[in-house]
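First comes the structure, then the notes that go with it.
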Amino acid sequence: MDEENAAETVCAGCGTVAEGTPVTWICSRERGQARYFCETCARTNIRAIEGRLDSPWW
């Protein structure tokens with residue numbers, strides 16, 4: 001396992017913690033920072049994500 005996947009990833013929406021970065025999570029660039037969202041948060045907010053709305057909006 002490489003160093004990038006060794007750390008935990010926290011969902012910016014609900015706070016779920018995962019080991020590494022799951023391939024089913026999405027990454028959104030907001031104001032220059034990467035924010036990760038779990039499957040549940042991504043599915044719930046997919047239209048806002050595709051519309052490139054910052055997560056505080058949704």
Side-chain angles (χ1 to χ4, degrees):
M1 183 180 290
D2 61 18
E3 288 182 30
E4 183 178 319
N5 290 329
E8 293 180 333
T9 303
V10 179
C11 175
C14 67
T16 298
V17 178
E19 186 176 327
T21 305
V23 296
T24 55
W25 285 31
I26 62 168
C27 178
S28 175
R29 284 263 174 218
E30 297 178 15
R31 299 179 184 176
Q33 292 186 329
R35 299 189 68 183
Y36 292 91
F37 296 94
C38 69
E39 297 169 53
T40 303
C41 289
R43 284 186 186 130
T44 302
N45 300 293
I46 192 66
R47 290 186 188 268
I49 293 167
E50 288 177 341
R52 300 224 176 249
L53 299 172
D54 284 348
S55 57
W57 185 86
W58 37 279

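Keep in mind the model is a prediction, meaning the values are calculated, not measured.
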* Asked: Which pair of non-hydrogen atoms, one from Ser28 and one from Phe37, has the smallest distance, and what is that distance?
  -> CB-CE1, 3.9 Å

* Structure fact -> Shortest non-hydrogen pair, Trp25 vs Cys11, comes out as CZ3-N, 3.6 Å

* Excluding sequence neighbours, so at least two apart, what forms side chain to side chain donor-acceptor pair (under 3.5 Å) with Thr9? -> Thr21

Can you list everything that forms a side-chain contact (heavy atoms from CB on, under 4.5 Å) with [X]? Sequence neighbours excluded, please.
{"X": "Ile46", "result": "Glu50"}
{"X": "Val17", "result": "Glu8, Val10"}
{"X": "Cys27", "result": "Ala34, Tyr36"}
{"X": "Thr40", "result": "Cys38, Thr44"}

* Ile26 CD1 to Arg43 CZ distance, which is reported to the nearest 0.5 Å -> 11.0 Å

